[in-house]
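Quick note: residue numbers are just sequence positions, from 1. It should be emphasised that the depicted structure is a prediction, and the values quoted were computed from it without experimental measurement. FYI, side chains are in, hydrogens and waters are out, and symmetry mates aren't considered; it's all heavy atoms of this structure.
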Amino acid sequence: MNQSISSIALAVKDYDEAIDFYVNKMGFELISDIPLEAGKRWVLVKPKGKNNTTLLLAKADGLEQEKAIGNQTGGRVFLFLNTDNFQRDYKQMLANGVEFLEKPRHEVYGTVAVFKDLYGNKWDLIESK
């Protein structure tokens, strides 16, 4: 058996502002941006590299989904971005205006720092040992 998680849906307020953040501030690749019915779009972004997991940037539809924007996990870290060079990516993300909530720290599993995306979802940037 060979399974993997291909995409994770992330509720966003606006497609274009979300694309701008993930591509221009975090350095992700835009994989697809396909118009659908009723003003919706199929927007996939992913970190550069061999990783095949994508984020599906899904514009919130209705009050319940809008309330989840920026708090999809109740305030816990939501996503974990692994890197092969923590200092390189940390410095680049800071220079691009990404907000880190803490200074880098060293844990038994590697170097890590928590940051927020444009809506306030918490992420870990991690370089594993």
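To the nearest 0.5 Å, atoms CD1 (I8) and CG (L79) are separated by 5.5 Å. Atom NZ of K25 sits about 7.5 Å away from atom CG of N96, to the nearest 0.5 Å. Between atom CG of residue L30 and atom CG of residue L57 there is a gap of 8.5 Å, rounded to the nearest 0.5 Å.
Two residues are said to be in side-chain contact when any heavy atoms from C-beta on lie closer than 4.5 Å; T83 and R88 meet this criterion. Put simply, the side chain of Y109 does not reach to within 4.5 Å of the side chain of S128, judged on heavy atoms. Using a 4.5 Å heavy-atom cutoff, the side chains of V12 and Y119 are in contact. Proximity of Q72 to F78: side-chain heavy atoms (C-beta onward) are separated by under 4.5 Å at one or more points. Within the 4.5 Å cutoff, side-chain heavy atoms of E17 are placed close to those of L118. In this structure, the side chains of D61 and E66 stay at 4.5 Å or more apart for every pair of heavy atoms. Residues R41 and I19 meet the side-chain proximity criterion, which asks for heavy atoms closer than 4.5 Å. Proximity of N82 to E127: side-chain heavy atoms (C-beta onward) are nowhere separated by under 4.5 Å.
Residues A11 and Q65 approach most closely at CB-O, 4.3 Å, considering heavy atoms. Shortest non-hydrogen contact noted between P104 and A113 is CA-CB, 3.9 Å.
A donor-acceptor contact shorter than 3.5 Å links the side chain of D14 to the backbone of D16. A side-chain donor-acceptor contact under 3.5 Å links K122 to the backbone of G75. The closest donor-acceptor contact from the side chain of T54 to the backbone of S6 lies under 3.5 Å.
For the 3.5 Å distance criterion, the side chains of D117 and Y22 qualify, holding a donor opposite an acceptor.
Linking ILVMFWY residues whenever their side-chain heavy atoms come closer than 4.5 Å, directly or via other members, leaves L10 and L44 in distinct clusters. Both Y15 and I69 belong to a single network of hydrophobic side chains, linked directly or stepwise wherever heavy atoms of I, L, V, M, F, W or Y lie under 4.5 Å apart. I126 is connected to L101 through a chain of hydrophobic side-chain contacts under 4.5 Å among Ile, Leu, Val, Met, Phe, Trp and Tyr, so both are in one cluster. Both V43 and V23 belong to a common hydrophobic cluster when Ile, Leu, Val, Met, Phe, Trp and Tyr are linked at side-chain heavy-atom distances under 4.5 angstrom. Cluster membership check: V114 does not share its hydrophobic cluster with L81, using side-chain heavy-atom separations under 4.5 Å among Ile, Leu, Val, Met, Phe, Trp and Tyr.
Around the CZ atom of R105, the shell of radius 6.0 Å holds more than 12 heavy atoms that belong to other residues, nucleotides or ligands. Around CD1 of I5, the count of heavy atoms belonging to other residues, nucleotides or ligands within 6.0 Å does not exceed 12. Summarising the local packing, NZ of K103 is surrounded by 12 or fewer heavy atoms from other residues, nucleotides or ligands at distances under 6.0 Å. The environment of K59 atom NZ is sparse: at most 12 non-hydrogen atoms of other residues, nucleotides or ligands sit within 6.0 angstrom. Annotation for K40: atom NZ counts as buried by contact number, over 12 foreign heavy atoms lying within 6.0 Å. Under a cut-off of 6.0 angstrom, the local environment of CG in N52 is sparse, with at most 12 non-hydrogen atoms contributed by other residues, nucleotides or ligands.
The ring of Y90 has its center no closer than 6.0 angstrom to the ring center of F115.
K116 and E99 are joined by a salt bridge, as a carboxylate oxygen and a charged side-chain nitrogen come within less than 4.0 angstrom of each other. Using a 4.0 Å cut-off between charged side-chain N and carboxylate O, D89 and K48 make no salt bridge.
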What do the steps show when you test K50 against D84 for salt bridge (Lys or Arg N to Asp or Glu O under 4.0 Å), and what is the final call? CA-CA 12 Å; K50 296 178 183 178; D84 62 348; over 6 Å; no

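A side-chain contact (heavy atoms from CB on, under 4.5 Å) with V112 is found for one member of D124, V77, L125 and no other, namely D124.
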